[in-house]
Amino acid sequence: DAERLWRLVWDPATSVLVFDHVVSAFALPGTPAGQVGEMQMSVITCHDGTLIGTVEEVVELGPGYRAVTRSRSSTQPATSTTLILPLDQGGCVLRYRLDHLVPADAADATRRDYQDLTRRYLSRVRELAESSQRHP
């Protein structure tokens with residue numbers, strides 16, 4: 001169900017369930033909840049165990065189940081697009097895209113890292129969605 005999946009992937013709190021490195025995530029109080037301008041904070045664990053905070057700003061919403069966020073805490077421009085497409089025969093498709101500008105000498109390693117991260121993210125979202133279908 002596209003609506004149920006949207007609620008699952010759009011709630012910042014679910015980041016803890018689908019990303020290994022996320023310790024906590026939430027919408028920043030005082031920002032427009034569920035609208036363009038909302039800021040989403042994530043506390044993440046770095047490779048050396050250090051905790052840092054990252055902030056994403058919602059820059060586009062819609063039409064349908066579509067959202068674009070951009071990093072407000074990275075020194076390198078990064079945006080992500082989440083899109084859910086309902087299927088005529090039931091069910092839906094989740095598409096997730098991350099665009100990250102990095103120096104040319106880091107491009108291959110960054111691409112591999114983010115492809116791996118995205119695969120794990122989509123796999124875990126699928127597991128959560130299927131689990132919630134079995135246990136509503």
Side-chain angles (χ1 to χ4, degrees):
D1 174 58
E3 179 66 30
R4 179 183 276 179
L5 185 59
W6 181 252
R7 286 192 309 268
L8 175 69
V9 299
W10 190 242
D11 181 358
T14 62
S15 297
V16 175
L17 302 174
V18 294
F19 290 114
D20 296 332
H21 61 289
V22 176
V23 175
S24 178
F26 50 91
L28 287 174
T31 64
Q35 299 175 38
V36 170
E38 177 182 79
M39 299 283 195
Q40 299 176 349
M41 174 80 173
S42 296
V43 178
I44 64 171
T45 305
C46 297
H47 296 297
D48 65 359
T50 304
L51 294 177
I52 64 168
T54 64
V55 178
E56 300 286 321
E57 177 185 12
V58 178
V59 293
E60 288 180 42
L61 280 175
Y65 304 103
R66 181 177 183 276
V68 179
T69 63
R70 75 171 165 211
S71 174
R72 300 295 283 175
S73 55
S74 176
T75 58
Q76 299 166 330
T79 60
S80 66
T81 303
T82 302
L83 174 65
I84 296 176
L85 301 167
L87 300 174
D88 291 339
Q89 65 272 27
C92 57
V93 173
L94 169 61
R95 291 187 179 159
Y96 178 76
R97 177 183 172 140
L98 178 65
D99 293 294
H100 196 137
L101 186 62
V102 297
D105 61 345
D108 289 338
T110 301
R111 182 179 302 109
R112 282 190 302 276
D113 289 347
Y114 280 100
Q115 285 173 336
D116 186 48
L117 178 80
T118 300
R119 279 188 203 98
R120 286 194 319 267
Y121 166 74
L122 293 172
S123 175
R124 289 182 180 168
V125 166
R126 180 182 198 137
E127 289 170 11
L128 285 171
E130 290 174 350
S131 173
S132 71
Q133 264 186 316
R134 289 189 300 268
H135 308 90

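Just the heavy atoms: all of them, side chains too, but no hydrogens, waters or symmetry mates, feed the values below. For clarity, every value in this text was computed on a predicted model and none was experimentally measured.
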**Message:** Taking Leu83 as the starting point, is it possible to reach Val125 by hopping between hydrophobic residues whose side chains are less than 4.5 Å apart?
**Reply:** no
**Fill in**
Between Val23 and Leu51 the two heavy atoms that sit nearest each other are CG2-CD2, 3.8 Å
**Request:** Report the C-alpha separation of Thr81 and Thr69 in whole Å, then their side-chain angles, then the decisive distance to 0.1 Å, and conclude whether the side-chain contact (heavy atoms from CB on, under 4.5 Å) test is met.
**Result:** CA-CA 7 Å; Thr81 303; Thr69 63; over 6 Å; no
**Asked** Passes side-chain contact (heavy atoms from CB on, under 4.5 Å), Leu117 versus His21? Steps please.
**Response** CA-CA 10 Å; Leu117 178 80; His21 61 289; 3.7 Å; yes
**Asked** Do Val22 and Val43 come within less than 4.5 Å of each other through their side chains, counting heavy atoms only?
**Response** no
**Message:** Set out, in order, the CA-CA distance, both residues' side-chain angles and the distance that settles salt bridge (charged side-chain N to carboxylate O under 4.0 Å, His left out) for Asp116 and Arg112, then state yes or no.
**Reply:** CA-CA 6 Å; Asp116 186 48; Arg112 282 190 302 276; over 6 Å; no
**Asked** Aromatic rings Tyr121 and Tyr96: how do their planes relate, parallel, tilted or perpendicular, breaks at 30° and 60°?
**Response** tilted
**Asked** Shared ILVMFWY cluster between Ile44 and Val102, side chains joined below 4.5 angstrom?
**Response** no
**Request:** Would you confirm whether Thr110, through its side chain, and Ala107, through its main-chain N or O, come within 3.5 Å as a donor-acceptor pair?
**Result:** no
**Request:** Looking only at non-hydrogen atoms, find the nearest pair between Ala67 and Trp6 and report the distance.
**Result:** CB-CH2, 3.7 Å
**Request:** List the atom of Ala2, the atom of Pro86, and the distance in Å for their closest heavy-atom pair.
**Result:** CB-CG, 3.8 Å
**Request:** Look at atom CZ of Arg95 and say whether more than 12 heavy atoms of other residues, nucleotides or ligands are closer to it than 6.0 Å.
**Result:** no
**Minimum side-chain heavy-atom gap Val59-Thr79 below 4.5 Å** = no
**Validation row: Tyr65, Glu3 side chains within 4.5 angstrom (heavy atoms)** = yes
**Nearest non-hydrogen partners of Glu57 and Gly37, listed with the distance** = OE2-CA, 4.3 Å
**Item:** hydrophobic_cluster_shared for Val9 and Leu128, side chain cutoff 4.5 Å
**Value:** yes
**Prompt:** Can you tell me how far the CD1 atom of Ile52 sits from the SG atom of Cys46, to the nearest 0.5 Å?
**Reply:** 4.0 Å
**Fill in**
CG of Leu85 to CG of Leu87, rounded to nearest 0.5 Å, is 7.5 Å
**Asked** Under a 4.5 Å side-chain heavy-atom rule over Ile, Leu, Val, Met, Phe, Trp and Tyr, are Leu5 and Phe19 clustered together?
**Response** yes
**Request:** May I ask you to check whether Ser42 and Ser15 show a side-chain donor-acceptor distance below 3.5 Å?
**Result:** no
**Salt-bridge present (Arg111, Asp113; N to O < 4.0 Å)** = no
**Message:** Within this structure, what is the OG-CZ distance for the pair Ser131 and Arg126, rounded to the nearest 0.5 Å?
**Reply:** 13.5 Å
**Nearest atoms (heavy-atom pairs only) where Glu56 meets Ser71** = OE1-N, 3.4 Å
**Prompt:** Hey, does Trp10 have a side-chain heavy atom less than 4.5 Å from the side chain of Gln40?
**Reply:** yes
**Asked** Do any N or O atoms from the side chain of Ser74 and from the backbone of Pro77 form a donor-acceptor pair under 3.5 angstrom?
**Response** no
**Request:** Under the side-chain contact (heavy atoms from CB on, under 4.5 Å) rule, what do Ile84 and Val93 come out as? Steps first, then yes or no, please.
**Result:** CA-CA 6 Å; Ile84 296 176; Val93 173; over 6 Å; no
**Request:** For residues Gln76 and Pro103, report the shortest heavy-atom separation together with the two atoms involved.
**Result:** NE2-CD, 3.3 Å
**Prompt:** Can you tell me if Thr31 uses its side chain to pair, donor with acceptor, with the backbone of Met39 under 3.5 Å?
**Reply:** yes
**Prompt:** Would you say the side-chain atoms of Ser73 pair up with the backbone N or O of Val55, donor to acceptor, closer than 3.5 Å?
**Reply:** yes
**Request:** Please tell me if the side chains of Arg124 and Asp20 come closer than 4.5 Å, counting only heavy atoms from C-beta onward.
**Result:** yes
**Request:** Return yes if some donor-acceptor pair links the side-chain N/O of Thr118 with the main-chain N/O of Tyr114 below 3.5 Å, else return no.
**Result:** yes
**Message:** Quick one: does any side-chain atom of Thr14 pair with a main-chain N or O of Leu8 as donor and acceptor, under 3.5 Å?
**Reply:** yes
**Message:** Would you compute the distance between atom CZ of Arg120 and atom CD of Glu127 and round it to the nearest 0.5 angstrom?
**Reply:** 12.0 Å
**Message:** Using side-chain heavy atoms (C-beta onward) and a distance below 4.5 Å, is Thr45 in contact with Thr50?
**Reply:** no
**Asked** For Asp88, does the CG atom sit with more than 12 other heavy atoms under 6.0 Å from it, leaving out its own atoms?
**Response** no
**Prompt:** If we only count heavy atoms from C-beta on, is the Val58 to Gln35 side-chain gap below 4.5 Å?
**Reply:** no
**Message:** Is the shortest side-chain heavy-atom distance between Leu122 and Leu94 below 4.5 Å?
**Reply:** yes
